[in-house]
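For ligands, and for the atoms within them, numbers begin at 1 and follow the listed sequence.
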Amino acid sequence: MIADDSLYLIGMPGAGKTTLGLALATRLEMPFRDLDEEIVAHEKRSILEIFATDGQDYFREVEAAVLRTLITSQPRMVLATGGGTPCFHQNMDLLLATGIPLYLAVPVPELLQRLRRNLSRRPLLTDIPDEKALTAHISETLALRQRFYDRAPLRCEGICTVEAIWHLLHTYYTTG
Ligand SMILES: Nc1ncnc2c1ncn2[C@@H]1O[C@H](COP(=O)(O)OP(=O)(O)OP(=O)(O)O)[C@@H](O)[C@H]1O
Ligand SMILES: O=C(O)C1=C[C@@H](O)[C@@H](O)[C@H](O)C1
Ligand SMILES: [Mg+2]
């Protein structure tokens, strides 16, 4: 299969955007980019440091700017976006206009299990005191973001795999 457009993976933290994005890019023989990594390279500091020093509003401005520069310089790629990317600065409009957003709709219990493994390097999750608060936070964040994620023309439900996404893309390109 040859994908002519950029593929943008969107979804909650822990949904598998980076892991599946890299595997898909290899299979599609397309360049792979990770927006969080691009931001770190641009700012020369970690995402944790950006949030701690300059706050979320600044992070969202940088995120939007780096996204625009990347899309201009790399017209065909598989891109793992950040978890909040589609929800700020009209980024979802841009993603829809320049490629194919694919939403990884992973169930909350599975997200929680994955996120528990590395809470400390996630700026929006570091101060959450206990399991109950983490569950509430992830559920509330998803509820706020859902309307942005739902604009994606492609959606992988459940525990997404490369095979499942491959099948979605094949259907998309053969049925139009
Ligand atoms: N399909 C999958 N099945 C099981 N585990 C997965 C799957 N995809 C990813 N994981 C695991 O879930 C964790 C999060 O995956 P990943 O880092 O790719 O998510 P992400 O959406 O890029 O999250 P973020 O960038 O917000 O940290 C990793 O530990 C990864 O190994
Ligand atoms: O869900 C979020 O808002 C975020 C997810 C990460 O990918 C990073 O972009 C950052 O930690 C913010
Ligand atoms: Mg990632």
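Ring geometry, Y149 versus Y103: the interplanar angle falls under 30°, so the pair is classed parallel (tilted spans 30 to 60°).
Shortest contact from atom 9 (O) of ligand 2 to any protein heavy atom: D36 OD1, 2.6 Å. Ranking the protein heavy atoms by distance from atom 19 (O) of ligand 1 puts G16 N, 3.1 Å first. In terms of protein heavy-atom proximity, atom 5 (C) of ligand 2 is closest to G83 N, 3.4 Å. Among protein heavy atoms, atom 2 (C) of ligand 1 sits closest to R114 NH2, 3.4 Å. Closest to atom 24 (P) of ligand 1, if we only count protein heavy atoms, is R122 NH1, 3.7 Å. Ranking the protein heavy atoms by distance from atom 28 (C) of ligand 1 puts R117 NH1, 4.3 Å first.
Here T19 does not reach the Mg ion (ligand 3): none of its N/O/S atoms is less than 2.8 Å from the metal.
Atoms of ligand 2 lying under 4.0 Å from at least one heavy atom of G84, given by number and element, are 1 (O), 2 (C), 3 (O). The atoms of ligand 2 that sit less than 4.0 Å from any heavy atom of G82 are 7 (O), 9 (O). Each of the following atoms of ligand 2 lies closer than 4.0 Å to a heavy atom of R60: 2 (C), 3 (O), 12 (C). Ligand-side atoms of ligand 1 in range of A15: 19 (O), 21 (O), range being under 4.0 angstrom from any heavy atom. Listed by number with element, the atoms of ligand 2 under 4.0 Å from a non-hydrogen atom of P13 are 1 (O). Ligand-side atoms of ligand 1 in range of K17: 18 (O), 19 (O), 20 (P), 21 (O), 22 (O), 23 (O), 26 (O), range being under 4.0 angstrom from any heavy atom. Near M12, meaning under 4.0 Å from any of its heavy atoms, are these atoms of ligand 1: 21 (O). Near T19, meaning under 4.0 Å from any of its heavy atoms, are these atoms of ligand 1: 9 (C), 15 (O), 16 (P), 18 (O), 30 (C). For ligand 1 and P13, the ligand atoms under 4.0 Å from any heavy atom of the residue are 23 (O), 26 (O).
Between M92 and L95 there is a side-chain heavy-atom pair separated by less than 4.5 Å.
Judged by distance alone, with hydrogens and angles left aside, the side-chain atoms of R116 form no donor-acceptor pair with the main-chain N or O of E131 at under 3.5 Å. No donor-acceptor distance shorter than 3.5 angstrom exists from the side chain of K17 to the backbone of G82, with no hydrogens or angles considered. No donor-acceptor distance shorter than 3.5 angstrom exists from the side chain of R151 to the backbone of R147, with no hydrogens or angles considered. Judged by distance alone, with hydrogens and angles left aside, the side-chain atoms of S73 form a donor-acceptor pair with the main-chain N or O of L70 at under 3.5 Å.
At a threshold of 4.5 Å between side-chain heavy atoms, the hydrophobic network of Ile, Leu, Val, Met, Phe, Trp and Tyr places Y173 and M30 in one connected group. At a threshold of 4.5 Å between side-chain heavy atoms, the hydrophobic network of Ile, Leu, Val, Met, Phe, Trp and Tyr places V162 and L22 in one connected group.
Between E49 and K44, no side-chain nitrogen of the basic residue sits less than 4.0 Å from a carboxylate oxygen of the acidic one, so the salt-bridge criterion is not met. A salt bridge links D54 and R45; the closest N-O separation between the charged side-chain nitrogens and carboxylate oxygens is under 4.0 Å.
Exactly one residue among I71, V78, L154 makes a side chain to side chain contact (heavy atoms under 4.5 Å, CB included) with Y8. That residue is I71.
No side-chain N or O of T85 forms a donor-acceptor pair with one of N91 less than 3.5 Å apart.
Remark: among candidates G14, G83, G11, the nearest residue to atom 14 (C) of ligand 1 is G14, based on non-hydrogen atoms. Compare K17, R145, M12 by their heavy atoms: the one nearest to atom 1 (O) of ligand 2 is in R145.
For C160, every heavy-atom contact with ligand 1 shorter than 4.0 Å involves the backbone, none the side chain.
Taking distance alone, with nitrogen or oxygen atoms compared against 3.5 Å, T161 stays at or beyond that limit from ligand 1.
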